[in-house]
Amino acid sequence: MDYSCIIFQKEENYALITLNRPEKLNALNTQLFNELNHALIEIEKDPKIRLLLLTGSGEKAFAAGADIAELNASNQQTGRLFSEHGSKVMERLANLPIPSIAMVNGFALGGGCELAVSCHIRFCSEKAKFGQPEVNLGIIPGYGGTQGLSRLIGTAKAMELNISGKIISAQDAKEIGLVNEVFPHDELKEKTMDFVNLVLSKSPKAVSSVVRAVTASQTLSPSEGLAYESILFGQMCGTDDFKEGTSAFLEKRKAVFL
Ligand code: COA
């Protein structure tokens, strides 16, 4: 596929997707969602890719939401499809079996905030701003702002953001658990890459199993979740990564995972 709304880069063992409509603050239109979906399928199929980084191009935005110009033409039927189409892509992202990190470089509003929330981890610049301003437009969040966001920050805080449409600072986003870390704007990439390299130095199979187990905790009951964790734990004990990790500890050397 030729990508025009995103830049999809495969590095040695991770992928970087850059939302690339800077003149429209990386607003999420149908073409962008199609391209993102395609890139995510590529990532799912490529065992060499062990982590995904997602960011926005330009100085101002991660993504300023769904494309309002495109949305404006919606009626009841097409509006529902618009929401379902985007939500499917968000779900694909949230269910990736490798860690995904949103590197939020500016505005993450509406669908932009929902996209960041669909990643497993969020690091942001001190210039980043977050919010669900859909009530200003006479709509509601359509890609999980009333669902995944509630699970992440709790229903009261999600309700507060969703009914007020207010835009909050990076620091406030950290305080309510919406982002993991806030970094000086110029250091966002470097600090994020420090974390990426730390994760990439660990057992790839163990990292992927952690991602699957934590993701499953969102939908399984506590006892089902523990049972699933035990299944994955058992599977890990049959891997080369397990042999190498435990042997390296006992032999007092650094583990080397292939
Ligand atoms: N959809 C479509 N276009 C968008 C957009 C969106 N969600 N957000 C920004 N843009 C476009 C603007 O229309 C403008 O295009 P133009 O230069 O052709 O007029 C361009 O991006 C730059 O945006 P602008 O509003 O001029 O930048 P700003 O710095 O003054 O304001 C924001 C930045 C983010 C506060 C403002 O763009 C905004 O409120 N965007 C909409 C946020 C929103 O409601 N998101 C939820 C959508 S469901």
Side-chain angles (χ1 to χ4, degrees), residues 3-7 17-37 54-94 102-119 122 124-150 152-153 157-174 176 178-179 182 185-186 188:
Y3 296 103
S4 60
C5 296
I6 66 169
I7 303 168
I17 295 178
T18 307
L19 309 171
N20 193 32
R21 301 182 71 212
E23 71 294 345
K24 296 291 178 194
L25 305 189
N26 303 319
L28 311 170
N29 62 7
T30 303
Q31 176 67 19
L32 189 148
F33 270 123
N34 288 342
E35 292 181 16
L36 186 55
N37 191 50
L54 185 60
T55 195
S57 70
E59 278 298 299
K60 272 173 91 170
F62 175 72
D67 189 314
I68 300 168
E70 196 178 73
L71 178 66
N72 179 251
S74 298
N75 59 34
Q76 285 189 32
Q77 284 74 35
T78 59
R80 180 172 172 169
L81 292 175
F82 191 88
S83 167
E84 286 174 351
H85 181 241
S87 289
K88 284 208 171 75
V89 183
M90 301 284 180
E91 236 183 331
R92 185 180 287 281
L93 174 61
M103 193 162 65
V104 182
N105 51 310
F107 287 112
L109 303 179
C113 187
E114 291 162 305
L115 187 59
V117 168
S118 300
C119 291
R122 286 146 293 283
C124 77
S125 141
E126 62 200 352
K127 288 190 189 169
K129 298 219 181 299
F130 297 82
Q132 297 290 160
E134 285 86 350
V135 285
N136 296 326
L137 303 167
I139 47 169
I140 68 167
Y143 308 136
T146 66
Q147 303 298 307
L149 182 66
S150 302
L152 182 66
I153 63 174
K157 281 291 167 197
M159 191 72 87
E160 184 185 335
L161 288 179
N162 278 319
I163 63 174
S164 66
K166 72 179 180 182
I167 293 178
I168 61 169
S169 68
Q171 215 37 259
D172 287 348
K174 172 138 195 251
I176 62 172
L178 179 45
V179 297
V182 183
H185 187 71
D186 295 341
L188 176 62

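In listed order, ligands and their atoms are each counted from 1. Values below: every heavy atom of this structure, side chains too, minus hydrogens, waters and symmetry copies.
Ranking the protein heavy atoms by distance from atom 16 (P) of ligand 1 puts Lys24 NZ, 3.6 Å first. Ranking protein heavy atoms by distance to atom 1 (N) of ligand 1, first place goes to Ile68 N, 2.9 Å. In terms of protein heavy atoms, atom 48 (S) of ligand 1 is closest to Leu137 CD1, 3.7 Å. In terms of protein heavy-atom proximity, atom 31 (O) of ligand 1 is closest to Leu25 CD1, 4.5 Å. Atom 42 (C) of ligand 1 has as its closest protein heavy atom Ala64 O, 3.3 Å.
Here the straight-line distance linking atom CG of Leu54 with atom CD1 of Ile6 works out to 8.5 Å at 0.5 Å rounding.
Glu35 places a side-chain N or O within donor-acceptor distance of the main-chain N or O of Ser4, the cut-off being under 3.5 Å. Panel note: side chain Arg122, backbone Ala102; no donor-acceptor pair is recorded below 3.5 Å. In this structure a side-chain-to-backbone donor-acceptor pair under 3.5 Å is missing from Asp67 to Thr30. No side-chain donor-acceptor contact under 3.5 Å links Thr55 to the backbone of Val104.
For the residue pair Asn20/Ser57, the side-chain donor-acceptor check at 3.5 Å is satisfied. Side-chain atoms of His85 and Asn34 form a donor-acceptor pair, as typed in the model, at a separation below 3.5 Å.
Residue Ala27 approaches ligand 1 through these ligand atoms, each under 4.0 Å from one of its heavy atoms: 1 (N), 2 (C), 6 (C). Heavy-atom proximity to Glu23, at under 4.0 Å, picks out these atoms of ligand 1: 20 (C), 21 (O).
Within the 4.0 Å cut-off (strictly below), no protein heavy atom is located near atom 26 (O) of ligand 1. Remark: atom 12 (C) of ligand 1 lies closer than 4.0 Å to no protein heavy atom. Distance remark: protein heavy atom present below 4.0 angstrom from atom 37 (O) of ligand 1. At least one protein heavy atom sits closer than 4.0 Å to atom 44 (O) of ligand 1. Closer than 4.0 Å to atom 21 (O) of ligand 1 lies at least one heavy atom of the protein. Within the 4.0 Å cut-off (strictly below), a protein heavy atom is located near atom 6 (C) of ligand 1.
The aromatic ring centroids of Phe33 and Tyr143 lie less than 6.0 Å from each other.
For the salt bridge (Lys or Arg N to Asp or Glu O under 4.0 Å) condition, no pair includes a residue of residues 127-137, sequence neighbours left out.
Under a 4.0 Å heavy-atom criterion, Leu109 is in contact with ligand 1. At least one heavy atom of Ala66 sits less than 4.0 Å from an atom of ligand 1.
Using a cut-off of 4.0 Å between Lys/Arg side-chain N and Asp/Glu carboxylate O, Glu160 and Lys157 are scored as salt-bridged.
Contacts between Lys60 and ligand 1, counted as non-hydrogen atom pairs separated by less than 4.0 Å, involve the side chain only.
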